[in-house]
Amino acid sequence: PRSDPRPLVNLIGLGMDDPHAADDVEALRAMLAPQAALGAVLSRCTLEEVRRAPYADVNLVLRGKGHELAQAMKEYFGIPWEELDYPYGAAGADDLWSRLERRFGLDYHQARAELDRQIAEGAGKAYRYLQALYGMPAAILASGPRADGLRRFLEQELGMEVVCFARREELSDQEDFYRELRGSEAALLFGSSFEQDGADELEIPLIRMDYPVFDEVCLTPRPHLGGQGTLHLLEDIFRGIMNGRILKGALYQ
């Protein structure tokens with residue numbers, strides 16, 4: 001039985017080893033509070049949280065992952081479920097909050113205003129660099145929910161142009177993606193550590209966003225969700241460009 005009157009939300013589809021996953025969970029928890037509570041993040045939860053999972057009011061499922069589990073929980077426990085893309089940036093947060101507002105009659109307008117203020121205040125310090133991103137062609141190879149959420153963020157919030165795009169689980173042959181990438185004008189590649197060779201071949205920066213990431217170490221909290229997380233994501237993009245061997249001149253013009 002539950003003593004907390006707030007809507008309880010489970011999250012399905014986040015992998016245990018996904019980049020920044022633990023920090024993103026805490027950012028997501030803060031994004032839901034205080035109007036709603038984050039329950040079990042299935043694959044990243046304690047046994048007690050699993051036991052409480054059937055009491056949730058809704059399961060949020062990262063698109064393309066965990067459908068079978070969500071449907072089984074609906075059949076056994078009557079928990080409705082909704083799909084969403086990885087909620088990067090202000091648009092991703094708004095998508096998440098809008099779903100909860102429609103379903104439970106909540107109001108996240110103050111949270112929206114605070115997120116917008118935090119992003120504007122932080123990103124404003126790099127305004128000239130942000131201008132350089134506008135129209136920059138980019139490529140994405142990532143798991144479905146990350147790929148779609150990242151594409152929305154890059155195009156809608158940064159004004160970049162995604163010219164080469166693939167959901168990792170839908171590729172029958174990864175070489176198909178690389179053939180398309182070689183024929184594109186992509187100046188940035190968003191992917192996993194496995195894409196480093198492809199980025200080196202094309203001499204473009206690789207921004208590591210997808211599982212697995214095995215050639216970077218992060219010891220401090222560094223989410224990619226929420227206001228602070230969006231600034232971290234921007235830092236990673238700028239750092240990747242600045243560390244690139246070539247094709248970074250536009251950032252300084």
Side-chain angles (χ1 to χ4, degrees), residues 11 13-14 18-20 24 27-28 30-32 60-65 82-102 108-168 170 177 180-181 184-191 204-210 223-241 250-251:
L11 180 66
L14 187 67
D18 280 4
H20 305 276
D24 281 350
L28 186 63
M31 289 164 66
L32 296 181
L60 295 181
V61 184
L62 293 178
R63 195 176 305 278
K65 294 186 173 185
E82 294 191 28
E83 280 189 314
L84 76 161
D85 299 322
Y86 215 80
Y88 294 116
D94 184 67
D95 179 45
L96 170 66
W97 288 329
S98 294
R99 293 168 186 270
L100 299 179
E101 287 173 332
R102 289 193 299 268
Y108 280 98
H109 78 275
Q110 288 187 343
R112 283 186 180 88
E114 173 58 24
L115 183 141
D116 289 342
R117 183 203 62 77
Q118 191 173 19
I119 294 175
E121 184 176 286
K125 301 171 184 176
Y127 178 68
R128 289 186 178 274
Y129 291 162
L130 287 170
Q131 283 183 308
L133 296 180
Y134 191 83
M136 183 179 290
I140 298 174
L141 174 57
S143 62
R146 285 185 181 272
D148 290 320
L150 183 60
R151 183 176 198 167
R152 175 177 57 195
F153 173 71
L154 296 182
E155 293 185 335
Q156 294 184 14
E157 301 187 44
L158 300 185
M160 299 178 71
E161 182 182 2
V162 177
V163 296
C164 187
F165 176 86
R167 301 177 184 92
R168 193 178 298 277
E170 296 177 3
F177 173 81
E180 182 183 355
L181 179 61
S184 75
E185 297 181 350
L188 280 177
L189 172 59
F190 293 83
I204 60 177
L206 171 66
I207 313 299
R208 294 159 180 81
M209 299 290 298
D210 195 39
H224 276 170
L225 299 183
Q228 195 66 37
T230 300
L231 298 180
H232 290 156
L233 179 50
L234 287 173
E235 287 176 345
D236 289 347
I237 294 172
F238 292 141
R239 186 179 299 111
I241 295 173
L251 205 64

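The residues of the chain are indexed from 1 along the displayed sequence.
In this structure, D18 pairs ionically with R146, as a charged nitrogen and a carboxylate oxygen lie closer than 4.0 Å. Checked for salt-bridge contact, R99 and D95 meet the test: a charged N lies under 4.0 Å from a carboxylate O. The residues R151 and D148 are annotated as not salt-bridged, no charged nitrogen and carboxylate oxygen being separated by less than 4.0 angstrom.
Taking a 6.0 Å sphere around CD of E185, one finds it holds 12 or fewer heavy atoms contributed by other residues, nucleotides or ligands. Q110 CD: 12 or fewer foreign heavy atoms inside a 6.0 Å radius.
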Practice prompt. Kindly indicate, with the supporting measurements, whether the criterion ring-ring contact (aromatic ring centres under 6.0 Å, His included) is fulfilled by H224 and H20.
Written response: CA-CA 7 Å; H224 276 170; H20 305 276; 4.0 Å; yes
Practice prompt. Could you go through the side chain to side chain donor-acceptor pair (under 3.5 Å) check for Y108 and D94 one step at a time?
Written response: CA-CA 9 Å; Y108 280 98; D94 184 67; over 6 Å; no
Worksheet item: Run the salt bridge (charged side-chain N to carboxylate O under 4.0 Å, His left out) check on E101 and R112 step by step: do they pass?
Response: CA-CA 12 Å; E101 287 173 332; R112 283 186 180 88; 2.9 Å; yes
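Side-chain atoms of D210 never come within 3.5 Å of backbone atoms of G191 as a donor-acceptor pair (strictly under, hydrogens ignored). Between the side chain of R168 and the backbone N or O of L141 there is at least one donor-acceptor pair closer than 3.5 Å.
Nearest heavy atom pair, residue A186 against residue L181, reads CB-CD1, 3.8 Å. Scanning both residues, L188 and I204, for their nearest heavy atoms gives C-CD1, 4.1 Å.
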